[in-house]
Colleague: 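Below is one structure. I have some questions about it.
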Amino acid sequence: MAAPQPFKAHPDIERVLLDESQIKARVQELAREISRDYAGRCLTLVGILKGSVVFLGELMRQLSVDCTVDFMCLSSYEGGGSTGVVRVLLDLRENAEGRDILVVEDIVDTGLTLHYLLDNLRTRGPRSLEVCALLDKPDCRKTQVKAKYVGFRIPNQFVVGYGLDYNEKYRNLPYVAVLKAGAIGGK
Ligand code: 5GP
């Protein structure tokens, strides 16, 4: 068998913020907590595309409660960051009424997207509605919104990896990291 190779980050990466083993351990803890809280119920995980897919995949593998999975895709009108004006590009396939919904997000930044989403889902009459976010940037909040389950609180900086992109790249990196200045603005 080949000897393990020393860790080498992607050349566009300035600094790894959370490595693979840290994330794995924390996702396991979150899954245990969620499994305890929803024991005996069937959870509906709602993954927000595309950023949550890696996190959702790992989280659901670790859950010991029954669950179903559904997806939504939202776009927030850009122009100097998130405006809170949100469009639903893909909606749930299943009816949310009477369900225990757990929204799975990659990151909560201003909170505007999540605020819109929770208002929208609440009108559908779920039995319960909570949020699980891998990352939280509490210093960036523009609206009162809170995820019940949070993987890591991070400072106000743009991160990629573990599902998070820059221009659709870097989602496949198994860690969360900050890009080199030279990688921003390029293709
Ligand atoms: P909010 O409405 O909370 O400002 O925006 C949330 C969305 O903005 C996230 O779901 C994510 O898609 C994107 N976002 C916010 N911060 C970051 C970041 O640091 N890196 C990346 N790649 N996306 C981010």
Side-chain angles (χ1 to χ4, degrees), residues 9-20 22-23 26-27 30 44-60 69-92 101-123 129-187:
H10 187 288
D12 292 349
I13 292 307
E14 169 77 42
R15 190 161 47 90
V16 172
L17 210 61
L18 302 164
D19 70 29
E20 208 174 336
Q22 269 176 291
I23 301 174
R26 184 66 188 125
V27 174
L30 286 173
T44 299
L45 299 170
V46 173
I48 307 305
L49 296 173
K50 302 176 192 169
S52 75
V53 288
V54 179
F55 177 42
L56 175 71
E58 188 59 36
L59 182 73
M60 66 183 287
V69 185
D70 212 336
F71 292 96
M72 286 182 82
C73 185
L74 306 169
S75 100
S76 100
Y77 290 108
E78 294 296 322
S82 185
T83 56
V85 183
V86 179
R87 238 175 355 136
V88 176
L89 301 182
L90 175 79
D91 207 342
L92 297 178
I101 305 269
L102 182 63
V103 172
V104 181
E105 260 282 30
D106 52 357
I107 187 165
V108 187
D109 185 11
T110 63
L112 294 170
T113 310
L114 196 55
H115 190 266
Y116 170 89
L117 176 66
L118 293 176
D119 278 354
N120 179 303
L121 289 175
R122 228 173 262 121
T123 63
L129 179 60
E130 298 291 353
V131 177
C132 177
L134 176 68
L135 305 172
D136 186 11
K137 293 198 241 179
D139 298 343
C140 301
R141 213 62 101 247
K142 289 188 182 162
T143 182
Q144 275 256 330
V145 64
K146 208 164 180 293
K148 179 166 183 185
Y149 307 97
V150 172
F152 301 91
R153 294 202 164 77
I154 61 168
N156 179 13
Q157 52 193 349
F158 188 82
V159 292
V160 296
Y162 208 81
L164 290 110
D165 75 312
Y166 174 68
N167 281 344
E168 293 300 324
K169 268 174 79 181
Y170 312 111
R171 292 192 198 276
N172 58 316
L173 300 181
Y175 45 82
V176 171
V178 179
L179 283 174
K180 285 180 182 161
I184 296 172
K187 287 281 164 196

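For ligands, and for the atoms within them, numbers begin at 1 and follow the listed sequence.
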Colleague: In this structure, which one of D136, L135, V108 forms a side-chain contact (heavy atoms from CB on, under 4.5 Å) with R153?
Modeller: D136

Colleague: With nothing but distance in play, are any N or O atoms of Y166 less than 3.5 Å from an N or O of ligand 1?
Modeller: no

Colleague: Taking all atoms of both residues into account, what is the closest heavy-atom pair of A9 and V16, and its distance?
Modeller: CB-CG2, 4.3 Å

Colleague: Check for me whether K137 has a heavy atom closer than 4.0 Å to any atom of ligand 1.
Modeller: yes

Colleague: Atoms of ligand 1 less than 4.0 Å from V159 heavy atoms?
Modeller: 18 (C), 19 (O), 20 (N), 21 (C), 22 (N)

Colleague: Determine the sole option in L56, L45, D91 for which the side-chain contact (heavy atoms from CB on, under 4.5 Å) test with F71 is passed.
Modeller: L56

Colleague: How close do D109 and C140 get, heavy atom to heavy atom, and via which atoms?
Modeller: OD1-CB, 3.0 Å

Colleague: Contact between F158 and ligand 1, counting heavy atoms under 4.0 Å?
Modeller: yes

Colleague: For ligand 1, is D165 a contact, meaning one of its heavy atoms is under 4.0 Å away?
Modeller: yes

Colleague: Touching ligand 1 at all, G51? Heavy atoms, strictly under 4.0 Å?
Modeller: no

Colleague: Taking all heavy atoms of Y175 and all of E20, pick out the closest pair and write down the distance.
Modeller: CB-N, 4.3 Å

Colleague: So F55 and Y162, would you call those rings parallel, tilted or perpendicular, with 30° and 60° as cut-offs?
Modeller: tilted

Colleague: Do other residues, nucleotides or ligands put more than 12 heavy atoms under 6.0 Å from Q144 CD?
Modeller: no

Colleague: Does the R26 side chain pair with the main chain of G151, one donor and one acceptor, at a distance under 3.5 Å?
Modeller: yes

Colleague: So, 4.0 Å and heavy atoms of H115: is ligand 1 close enough to count as a contact?
Modeller: no

Colleague: Return yes when V160 approaches ligand 1 closer than 4.0 angstrom through a heavy atom, no otherwise.
Modeller: no

Colleague: Hey, which atoms in ligand 1 end up nearer than 4.0 Å to a heavy atom of D106?
Modeller: 9 (C), 10 (O), 11 (C), 12 (O)

Colleague: I'd like to check which ligand 1 atoms, numbered from 1 as shown, lie under 4.0 Å from a non-hydrogen atom of L164.
Modeller: 20 (N), 21 (C), 22 (N), 23 (N)

Colleague: Would you mind telling me if ligand 1 is within reach of the side chain of Q157, the backbone, both or neither, using heavy atoms under 4.0 Å?
Modeller: backbone

